[in-house]
Amino acid sequence: MIEKTQTEEKSLNFLEEIIENDIKNGKNGGQVYTRFPPEPNGYLHIGHAKSICLNFGLAQKYGGKTNLRFDDTNPSKEETEYVDSIREDVHWLGFQWEKELYASDYFEQLYQWAVQLIKEGKAYVCDLSQEEISEYRGVPTKPGKPSPYRDRSVEENMDLFERMRKGEFPDGARVLRAKIDLASPNMHMRDPIMYRIMHAEHHRTGNKWCIYPMYDYAHGESDSIEGITHSICTLEFEVHRPLYDWFIQALNIHAPQQIEFARLNITYTVMSKRKLLQLVKENHVNGWDDPRMPTICGLRRRGYTPESLRLFAEKVGVARRENVIEVELLEWCIREDLNKRAQRVMSVLDPVKVIIDNYPEGQTEELDAVNNPEDASMGTRKVPFSRELYIERDDFMENPPKKYFRLSPGTEVRLRYAYYITCTNVVKDAEGNITEIHCTYDPATRGGGSPDGRKVQGTIHWVSAQHALDAEVRMFDRLFSSPEPENTEEGKTFLDMMNPNSLTVLRNCKIEPFLKNTKALDHFQFERLGYFTTDADTKDGKLVFNRTVGLKDSWAKTIKN
RNA sequence: UGAGCUAUGGUGUAACGGUAGCACUACAGUUUUUGGUACUGUCUGUCUAGGUUCGAAUCCUGGUAGCUCAACCA
């Protein structure tokens with residue numbers, strides 16, 4: 001009997017297609033080995049998260065391995081601090097690397113290979129200045145002309161290169177160049193620089209070296225040494241691929257395949273490392289992990305989970321065309337995750353006092369509240385109730401518009417998990433601000449249901465005034481508010497596009513006593529207000545929360561319509 | 001006046017010569033102890049002009065638009 005198999009396979013992205021083809025054809029013995037190769041010159045951001053998920057995800061899917069390799073070939077920019085943060089962020093995202101390696105591990109091997117290329121007449125020492133090299137190289141539309149040092153003898157090249165290594169020459173005096181093609185339409189093939197002299201202390205090799213390999217020379221060889229099969233990088237390296245292949249071929253070593261994909265862009269989000277560094281250095285934000293930053297550590301502190309970031313990476317897909325992902329997708333991903341795991345809790349960010357006149361003074365009772373309506377296994381908790389409560393200031397309106405379902409004079413609403421209450425009176429201060437809302441409650445509605453079956457239109461959250469804890473809540477808006485912060489035309493810099501109200505601190509928030517023992521990075525849904533995450537640092541024992549993301553629809557917006 | 005890459009709804013991403021689908025967004029509705037969640041529905045799409053073909057988003061040619069490339073950065 002033949003069974004009809006409904007193969008509901010998810011369609012493959014172009015990377016998976018390439019890899020499956022390679023496996024099918026027995027290339028690399030059917031193995032998949034990838035690498036994530038950051039330069040330790042800054043913190044990782046969400047764009048890197050996409051690359052990490054791609055590299056590790058692909059290897060995982062096809063039973064392969066992934067290395068974490070630090071591309072540390074330029075000591076003037078690199079620091080150990082960055083190495084540590086990168087290691088931590090990749091780990092936090094949920095990935096384990098096969099090996100932790102450094103391009104600097106290969107300096108000696110790279111040097112030997114350079115010697116080999118010199119001996120084969122494929123590389124030469126050039127004494128031209130930086131400006132001269134640039135001039136000799138020509139422009140894309142016109143061929144360059146050969147350096148006068150291009151035809152030095154092997155002996156002279158060897159002598160000079162050895163002396164470069166020994167430190168006999170000052171920075172910039174000479175470089176080692178590959179002898180390729182000055183007429184190539186691809187500028188990267190016009191005798192690219194392989195080594196430059198740089199008397200700088202390297203974060204790992206110290207002062208052992210004063211010549212350092214360039215990216216183009218080091219990267220492919222590093223991939224090759226590690227046995228990488230698929231070297232996945234972003235689109236701007238596409239023009240480097242012929243050079244990548246040239247070195248591999250000239251050296252006749254294992255040939256990884258470089259494949260490029262389009263980097264991630266997100267609306268309203270600055271993704272350039274240079275600009276993020278500027279935001280930090282000029283103190284426009286409070287460090288790399290400021291919750292407004294698109295860095296992985298910033299997102300973590302804001303309350304994003306590894307799962308949500310991995311989901312995002314999956315949802316944005318991968319292709320070779322330029323793209324700008326709407327930030328709404330990122331927000332959907334974290335809501336999707338937090339909705340399942342975050343405990344519901346009642347919290348009042350902008351409190352106004354409610355007094356239940358017919359509730360006995362001094363009486364306290366405990367009511368049952370469910371922790372997560374989506375997940376009964378998360379259980380219930382007790383919420384204390386008393387005569388004086390706080391509710392959200394905007395949950396009361398003296399003169400409500402139509403479709404306002406919450407508290408107003410004469411209307412009855414449900415206090416969630418508690419009682420129906422009806423507003424009878426309002427007390428104001430000299431400026432006309434409401435200071436107390438007086439209500440009566442119906443004792444028969446305990447728990448929030450009415451025996452007579454009458455309905456209330458609204459349900460609002462509350463906390464007991466005498467039991468409530470004080471908390472500080474930080475609300476983060478988008479750092480950039482213009483339609484396209486990357487658009488710096490009309491003389492504007494990206495800093496001009498910054499939203500001055502991107503951080504609001506609410507210091508007078510009241511939260512359920514239940515929240516007393518929260519740990520850093522605990523996630524909660526404050527009913528109707530959004531998702532909040534305990535900040536890593538609490539001040540003076542005071543609870544501090546960061547708002548991760550709001551709920552999908554804002555209440556205010558609905559009222560406006 | 002060079003080379004390379006890319007073009008599918010508002011945004012992403014599928015369809016690999018044979019019914020243009022999925023997700024996000026937006027809007028509408030059902031359920032609901034918060035207007036959330038869940039579920040249902042609606043709106044929008046193959047850059048353009050030719051060609052090949054019974055049949056083209058897909059193949060070919062021309063155009064147009066966008067991106068990348070002229071660091072001793074990665």
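As the structure is a computational prediction, the values presented were derived from the model and not from experiment.
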Separation of [N] [atom2] from [X] [atom1] (nearest whole Å):
X      : N     : atom1 : atom2 : result
A:K77  : B:C73 : NZ    : P     : 8 Å
A:H523 : B:U37 : NE2   : P     : 18 Å
A:M271 : B:A74 : CE    : P     : 23 Å
A:H188 : B:C5  : NE2   : C1'   : 13 Å
A:R263 : B:U6  : CZ    : P     : 18 Å

Chi angles and distances behind the side chain to side chain donor-acceptor pair (under 3.5 Å) call for A:Y43, A:E81: CA-CA 9 Å; A:Y43 280 64; A:E81 174 196 349; 2.8 Å; yes

For atom CZ of A:R263, decide whether the heavy atoms of other residues, nucleotides or ligands shown that lie under 6.0 angstrom number more than 12. no

Counting only side-chain nitrogens and oxygens, does [X] get under 4.0 Å of the OP1 or OP2 atom of [N]?
X      : N     : value
A:T73  : B:A74 : yes
A:R320 : B:A7  : no
A:R190 : B:G2  : no
A:R196 : B:C73 : yes
A:K552 : B:U25 : yes

Nearest of [options] to any side-chain atom of [X]?
X      : options             : result
A:D71  : B:G36, B:A74, B:U33 : B:A74
A:E326 : B:G36, B:G10, B:G12 : B:G10
A:E39  : B:A74, B:A70, B:G35 : B:A74
A:E236 : B:U68, B:U25, B:G2  : B:U68

Pairing check on [N]: which nucleotide meets the Watson-Crick or G-U wobble criteria with it, both distances under 3.5 Å?
N     : answer
B:C43 : none
B:C24 : B:G10
B:A3  : B:U68
B:U61 : B:A49
B:A56 : none

Return the 5'-most residue of the pair A:R446, A:Q130 with respect to RNA chain B, ranking by each residue's nearest nucleotide. A:R446

Contact nearer the 5' end of RNA chain B, comparing A:T141 with A:V175: A:T141

Counting only N and O atoms by type, is there a donor-acceptor contact under 3.5 Å from the side chain of A:E78 to the main-chain atoms of A:N74? yes

